[in-house]
Amino acid sequence: MQASPSGQSQYALKDQLTSEKIRIVCRNTPMILLGNLLGSIPLAIVLWSFDQPSILIWLASLYLILFVRLLYNRVPQLDRFSPEEFRRYDQGQAFLILTTGCIWGAGGYIYFDVDNIQTVLMILLTFVSMIAGSLVSLSSRPYLYVLFAAPLMGPMILAMFIQDQWAYNWLAFGAVIYLGATFGFSRTIHRVIDNSIRLRYENLDLIEDLRMETERANEANKEKSRFLASASHDLRQPLQAVNLFTEVLNTKLTEPDQKADIANIQTGLTSLNELLDALFDVSKLDAASIQPRPESFAIDDILIRLERQFMIEAHMRGLTFNIAQSGATVFSDPLLIERVITNLLVNAFRYTPEGSVKVHFTQSEKSIILHISDTGIGIPEDSLDEIFKEFYQVSNQERDKRQGLGLGLAIVRRILALLGHPIQVSSTVGRGSTFSIELPLGRTHDHAVASPTEEIAVKSLRGMTVLVVDNEDAIVNAMCTLLNSWGAEPVGYAATGVALAAVENRIFEPQFAVIDYRMPGDYNGAEFADKLRELIPNLPVLIVTGDTSEDVVQSLHDQSLDVLHKPIKPARLRMYIERIISRQS
Ligand code: ADP
């Protein structure tokens, strides 16, 4: 038969209680022994005239047993004892205590002399004190108290009973009542000790239960997040195909009303893509599958990039946009911090119909606080905590996806929690909001500080020759226009053969290549990249693909090619290109 878990814990608790009570006796033992020693000295002095040799024998046997008990008392080892060892130890201790009681009792009987009132009084006084002392110190194990007190008092009570003076008989009777009463006290004291130990263990058990429950809940939460992460990842694959087919359908349709329907579908798809991306990010952060990689870096590098990215929107919306330079080196994960600042800037622009958006700093000895301020609609005081919750939006009751998904700040909160950076918000409705993030300062010499000119040389696309290859003319044109607007000098081809010929014949020497993976003709994008690298070793290449199948992703990974999946957002494309260039240089 199996014991139920609660039955097992009952036994465990009982063992723990017994062990703890034995420990209490052990802790009290030095004081008990000292009490025995001190109690015996005045008694021995008073009895000295009685019979010196026998007194010496009595004292020697008492001190011997006290010494043995001192040796037997091993408090430090008790922690390693098993319940069985505790039981055996307890029995040994009981035997020694009983022996001590007997030695005292023998003295009380042998030296009880009714003709010498001094001796009688001294014995009575000493024994009552011994009993009082041991009542307190032994009551965590009441049977030990009985084993000590009964043999201590018993012989003396007997000695009083056998006297033919009625006063002694009554005294014996009184002593029996007294002894019985102390047994009662001992039980009461034991109950109090027992309750307090029990309470302590129950509290410890409760804390342990709570800890295990919290652990279980955290694990379940992580499991849910892992499920969500893989579900949103798997959902993105068919969605990618839907994106592509919608694009294909779009090129085939000519009727304006059909084009309008496709445009509506594409808007819906964009929202769905964004929602899945955001859900994927939230669940990955919750499942702790994102590992931050903190390093020292110049925060201005990120801000310069973001300034360029948001400048056009600021211009189009007629907003003043200003980013201060801090010159600070911070210690954090640059990619995650860029994500946080981007989300906060997206919000600042989204919720600011007029006025300005700015980024500024306050610096202390160990950290720098980055403030993202806007003069927008502001946030009501009672929503300031709520806005960091998933899907909370102050005023989007109709849940129009064009007004955001309500996940931007949830991602910000999670990333900052992961990085351990505090965030604060202050806002006045109608006047604007400020989000402030505190970043620890890094060590300047840990990262190579690029001078402004080097920075531009490394990261800017200005003047860079870029080869664009895609089988669709429209995409080649769009990509070239975009790269041009960033200052690059792109040349586009719709076929790999022509592009290769141009490079072979040195008509065009690219410094970077953006290549579609699925190309008609002899080579796919990866093979074409190989051919290009035979002509220009180490040419940085970015493969653009709508194909997310495992083997394609794996083979691109094996060839150490950087990949960007369609649909491509311009800001993301730029970030990728800049990152590949800085890495290469
Ligand atoms: P959303 O996609 O709706 O912007 P967020 O999680 O980024 O989702 O923000 C949650 C809500 O917080 C927003 O819907 C908006 O009501 C409020 N909010 C966030 N940033 C600002 C801001 N700079 N100014 C005013 N309101 C803001």
Side-chain angles (χ1 to χ4, degrees), residues 225 228 232 267-286 290 303 306-307 309-311 313-314 316-324 336-362 369-419 421-438 569 571-572:
S225 304
L228 205 59
S232 47
T267 312
L269 278 176
T270 309
S271 294
L272 199 54
N273 277 321
E274 284 172 2
L275 181 61
L276 275 178
D277 280 350
L279 275 178
F280 190 44
D281 286 342
V282 169
S283 47
K284 267 195 307 186
L285 283 162
D286 278 351
I290 292 183
L303 294 172
L306 292 176
E307 188 173 25
Q309 196 175 313
F310 283 89
M311 200 48 109
E313 180 164 5
M316 279 173 11
R317 305 257 319 268
L319 297 172
T320 313
F321 181 40
N322 202 293
I323 291 192
L336 293 176
I337 281 297
E338 183 163 342
R339 184 74 200 279
V340 166
I341 304 175
T342 306
N343 281 11
L344 294 176
L345 281 173
V346 165
N347 279 353
F349 278 99
R350 183 179 286 154
Y351 301 106
T352 305
E354 57 183 0
S356 65
V357 172
K358 63 176 180 180
V359 178
H360 52 112
F361 302 92
T362 44
I369 302 179
L370 185 144
H371 309 278
I372 294 165
S373 303
D374 62 63
T375 57
I377 59 171
I379 305 160
E381 173 114 40
D382 56 357
S383 292
L384 284 179
D385 285 338
E386 306 294 313
I387 53 173
F388 289 96
K389 292 185 179 158
E390 304 78 29
F391 300 110
Y392 184 88
Q393 295 180 299
V394 175
S395 54
N396 185 11
Q397 261 74 14
E398 61 282 13
R399 304 212 68 80
D400 177 358
K401 294 284 174 284
R402 281 166 303 182
Q403 293 180 44
L405 302 165
L407 285 172
L409 290 182
I411 292 173
V412 164
R413 175 172 65 87
R414 282 171 169 80
I415 294 179
L416 290 179
L418 192 68
L419 296 171
H421 305 331
I423 182 165
Q424 280 186 339
V425 201
S426 61
S427 186
T428 312
V429 174
R431 299 185 66 176
S433 317
T434 298
F435 287 77
S436 308
I437 315 165
E438 188 174 345
K569 292 177 191 158
R572 210 177 169 85

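Whatever order the structure lists ligands and atoms in, that order sets their numbers, starting from 1. Note: hydrogens, waters and symmetry copies are ignored here, and every other heavy atom, side chains too, is used.
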Proximal atoms of ligand 1 relative to L407 (non-hydrogen, under 4.0 Å): 6 (O), 8 (O)
G376 near ligand 1 by a heavy-atom separation under 4.0 Å: no
I377-ligand 1 polar pair, N/O distance under 3.5 Å: no
Part of I379 with heavy atoms under 4.0 Å of ligand 1, whether side chain, backbone, both or neither: side chain
Option nearest atom 27 (C) of ligand 1 (shortest heavy-atom distance, choices Y392, Y351, F435): Y351
Part of N343 within contact of ligand 1 (heavy atoms, under 4.0 Å): neither
For V346, side-chain contact (heavy atoms from CB on, under 4.5 Å) partners two or more places apart: F310, T342, R350
For R414, all residues meeting salt bridge (charged side-chain N to carboxylate O under 4.0 Å, His left out), sequence neighbours excluded: D286, E390
R350 N/O under 3.5 Å from ligand 1 N/O: yes
Proximal ligand 1 atoms for V394, defined as those under 4.0 Å from one of its heavy atoms: 14 (O), 16 (O)
Residues T320, S356; criterion side-chain hydrogen bond (donor to acceptor under 3.5 Å, both in side chains); working and verdict: CA-CA 4 Å; T320 313; S356 65; 5.5 Å; no
Nearest-0.5 Å distance that lies between atom CZ in F349 and atom CD1 in I372: 10.5 Å
Nearest-0.5 Å distance that lies between atom CD1 in I387 and atom NZ in K389: 11.5 Å
Any donor-acceptor N or O pair under 3.5 Å, side chains T434, S373: yes
More than 12 heavy atoms from other groups under 6.0 Å of CZ on R431: no
Proximal atoms of ligand 1 relative to G406 (non-hydrogen, under 4.0 Å): 1 (P), 2 (O), 3 (O), 6 (O), 8 (O)
